[in-house]
Amino acid sequence: MSTVDASGEATARAARSRGPIPKSELAVAAVLGGLGVFALVDAHTINVPASASAVGPRAFPYAVGALLVLSAVGLVVALVRGDRGEVEGGEDVDTDGGADWASVLKLTGAFAALCVLVEPLGWLIAASVMFTGAAWTLGARPWWRALLVAVVLNTLVQVLFTQLLGVYLPAGPLEGVPFLG
Amino acid sequence: MGDLSALMAGFETALQPEYLLFAVVGVLLGTAVGVLPGIGPAMTLALLLPLTYSLEPTAAFIMFAGIYYGGMYGGSTTSILLNTPGESASIITALEGNKMAKAGRGAAALATAALGSFVAGTIATVALSLVAPTIADLAVQLGPPDFVALAVLAFLTVAAMLGSSPARGISSLALGLFISVIGTDSLTGQQRFTLGLPTLGDGIDIVIVAVGFFAVGEALHVASRLRRGPIPLVPISGRWFTKQDFKRSWKPWLRGTAIGFPIGTIPAGGAELGTFLSYATERKLSKHQEEFSHGAIEGVAGPEAANNASAAGVLVPLLTLGLPTGATAAIMLAAFQSYGIAPGPQLFSDEPDLVWALIASLYIGNVLLLVLNLPLVGVWVKVLRLPRPYLYAGILTFAALGVYAVGASVEDLVLLFILGGIGWAMRSFGFPVAPAIVGLILGPIAEEQLRRTLAISQGDPTALVTSPFAAVVYCLVVVAFIGSQWLKRRQARLDAAVFAVAQASTTPGGPTSPVGEGRPTVPSGKERRDAARTKNDETNDWDSGGQW
């Protein structure tokens, strides 16, 4: 923990809370309130069987919906009073700059590849594609070293899970290869 | 002393070679993930929840206990040696510990943290073994309305204490409760909030939500704001532990334990508060005031002890009342549930073997940590150097693996990523994740008790407050809410004061300003990083003169 960073954050926070409310923060409150309204409306459509006792399946969903709406209102009040969301810190997180959307999109692509490929090509290949893509996105160079790490790691996973733990992982075209399928 | 013989029986179980092996694996795994940035014990337990399908409960809980204690232990190594801001629970250790490391006393900082953790962990585990059965005996008389009251207490304190403001904490809690309602109502078999989607018919598995929020959410968060460049590690140097160090450490250890354990047992948001209070105490009592903010050993010894003592304290409400007071405890509760075991007053009478083996394994885990950790510190430093692209790609891989292994379902993977996106958004907008997890896991229990209460009273809502115990708890909720806001303000003040002093003392030639006096000017991010790097280079010289 570099203490210098933290006091800088505190000052930056004080400066930010004087500015206008960022639209994104209001949007978060709106989403929360919208979810609450959905919960209240949808709770009304839950069937209540005749056998249900005093409190049926609707009561708790109503309460949750009300809590969501209330917390959205509370959030807006807090925003008006100068409360601003702070990006959560962490050892590997640089809170100075904005979010790097390109990296997140690439990561999403890598994960989507896993979802699409896991059934036709099996865990080993699909997860290796995802690992390589994710590591490359985060700055691993050269790409073939990331691929090497990915293949070794996922081969170990495939063998350990299917042979030792008895968990099913699809093998894809590697079906029938000793220890993998 | 029926409890003592039960504890001995627990030791007999936990010391069997097979279980001992699980304890060693848990402790090593826990320390490794505690050392790694971005992975905490909550996330590790979430990833390992699927293991509960193939392991028998005793083995699983012995391993989970090892991970839990090991994670606490590993975190201190990171905050002492890694020169970047970390998670809030370890900030205090980092404050003095990191300064000690930079001043060439890293070895002593690691030693006092390890020994203090052992002392505090052991004393607190003794306290746990004494207190827990007594509380369980008393709690047997509690009825459904009392558990509703306790759940409300846990919800509100967790939401109010974690995170920067109550509004954000409660929003997170509400989101967790909402997710817990999705699925089929267990009492009437009705679909709720499923949008008619068959995937949601059985509800969303806790594993998917927890792994999504913690693992995928964290990976996306780090990916969006990755700190580039070399990993700024401070080399370990200096003497390990001198007589003088011990003389200055043992009192803070004991005081830290005395502060940490009770705070762990009450729903006050986990270990963070205890470490802050311990630090404030040591600062006040120390004879070496001038060393604070420059690497005072008391400032590592006390908070580190408090941190571990509260980790044991957290288990008291979890085991005796089934009440999780933080994210890690909530996931342990989920693990109990997946075995069909409900932690609560009956746990000690229904599952004595399991509970006492778990408690015995905490003692064993503490000894293992002491024996394994200092000698293995070189390994932990290597773990810390793990290149971040591989670390976070690995976290994503294991998150997907954990979820896919449960149901071999691509839909679950998509759901996992969506929940990860929500977890990322929460981190970006300053919403704490822990209240959502507590709401998700405690929500269904609270609903069941609520409906049971009202079924017994035939719909009369006053039944919720007429039980004397429940009435007392609701009064406590009010007191706790006001108290927590007061404590948080105090903590923030201390926070600001400490940082102001630290800032003034790191400015070359700058005078050390008195506590709480004005905020210093802030250098730009780049300047700050450069300054940190220069400091690192300086400490490299210390290494050559080091004593190890």
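So that the names make sense, note that chain A is the first sequence line, chain B the second, and so on, each numbered from 1.
In this structure, the portion of B:S428 lying under 4.5 Å from any heavy atom of chain A is its backbone and not its side chain. With a threshold of 4.5 angstrom between heavy atoms, B:F178 approaches chain A through its backbone and through its side chain. Residue A:W136: no heavy atom, backbone or side chain, is found under 4.5 Å from chain B. Heavy-atom distances place both the backbone and the side chain of A:A99 under 4.5 Å from chain B. With a 4.5 angstrom heavy-atom cutoff, B:S457 does not touch chain A via any of its atoms. Proximity to chain A involves both the backbone and the side chain of B:E447, based on heavy atoms less than 4.5 angstrom apart. Contact of B:L396 with chain A is made through backbone and side chain together, with heavy-atom distances under 4.5 Å. Heavy-atom distances place both the backbone and the side chain of A:L68 under 4.5 Å from chain B. Interface remark: B:E218 contributes side-chain atoms only to the contact with chain A (heavy atom separation under 4.5 Å). Only the backbone of B:A219 has a heavy atom closer than 4.5 Å to any heavy atom of chain A. Residue contact with chain B, scored on non-hydrogen atoms closer than 4.5 Å, involves the backbone and the side chain of A:F131 alike.
The candidate with the highest count of non-hydrogen atom pairs below 4.5 Å against chain B, out of A:T45, A:V104, A:V167, A:L70, is A:V104. Your options are B:L401, B:V406, B:L187, and the one with the most heavy-atom pairs under 4.5 Å with chain A is B:L401. Per-residue heavy-atom pair counts under 4.5 Å with chain A were compared for B:L391, B:L173, B:V216, B:D185, and the maximum is reached by B:D185. Among A:V118, A:L32, A:L114, A:L79, the residue making the largest number of heavy-atom pairs under 4.5 Å with chain B is A:V118. With respect to chain A, the highest number of heavy-atom pairs below 4.5 Å among B:V414, B:I80, B:V410 belongs to B:V410. With respect to chain B, the highest number of heavy-atom pairs below 4.5 Å among A:S103, A:A134, A:A39 belongs to A:A39. With chain A as the partner, the residue from B:Q190, B:E411, B:Q191 showing the most heavy-atom pairs under 4.5 Å is B:Q190. Considering only heavy-atom pairs separated by less than 4.5 Å from chain B, the leading option among A:F161, A:W123, A:F38, A:W101 is A:W123. Highest contact tally toward chain B, considering only A:V77, A:V73, A:T108, A:V116, is held by A:T108 [criterion: heavy-atom pairs under 4.5 Å]. Comparing B:T397, B:T78, B:V181, B:L177 by heavy-atom pairs within less than 4.5 Å of chain A, the highest count is held by B:T397. Counting heavy-atom pairs under 4.5 Å between each of A:T137, A:L35, A:T132 and chain B puts A:L35 at the top. Between chain A and the residues B:A400, B:P387, B:A408, B:G97, the largest count of heavy-atom pairs under 4.5 Å involves B:A400.
For the atom pair NE2 (B:H294) and NZ (B:K102), the distance works out to 12.0 Å, reported to the nearest 0.5 Å. Rounded to the nearest 0.5 angstrom, B:L226 CG and B:H221 NE2 are separated by 11.0 Å. Summarising the geometry, atom CG belonging to A:L124 is positioned 9.5 Å from atom OG1 belonging to A:T162; distances are rounded to the nearest 0.5 Å. One finds the CD atom of A:E86 at 14.0 Å from the CZ atom of B:F429 (value rounded to the nearest 0.5 Å). Here B:Y392 contributes atom OH and B:L36 contributes atom CG; the two are 8.0 Å apart, rounded to the nearest 0.5 Å.
There is no side-chain donor-acceptor pair under 3.5 Å between B:S224 and A:D100.
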Yes or no on salt bridge (charged side-chain N to carboxylate O under 4.0 Å, His left out) for A:E25 and B:R168, after CA distance, side-chain angles and deciding distance? CA-CA 11 Å; A:E25 296 231 37; B:R168 286 169 198 280; 3.1 Å; yes
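The number of heavy atoms from other shown groups lying within 6.0 Å of CZ (B:F398) does not exceed 12.
Of all non-hydrogen atoms in A:S128 and A:V151, the two that sit nearest each other are OG-CA, 3.7 Å.
No side-chain donor-acceptor contact under 3.5 Å links A:S71 to the backbone of B:I170.
Note on A:R58 versus A:D42: no salt bridge recorded, every NZ/NE/NH1/NH2 to OD/OE distance being 4.0 Å or above.
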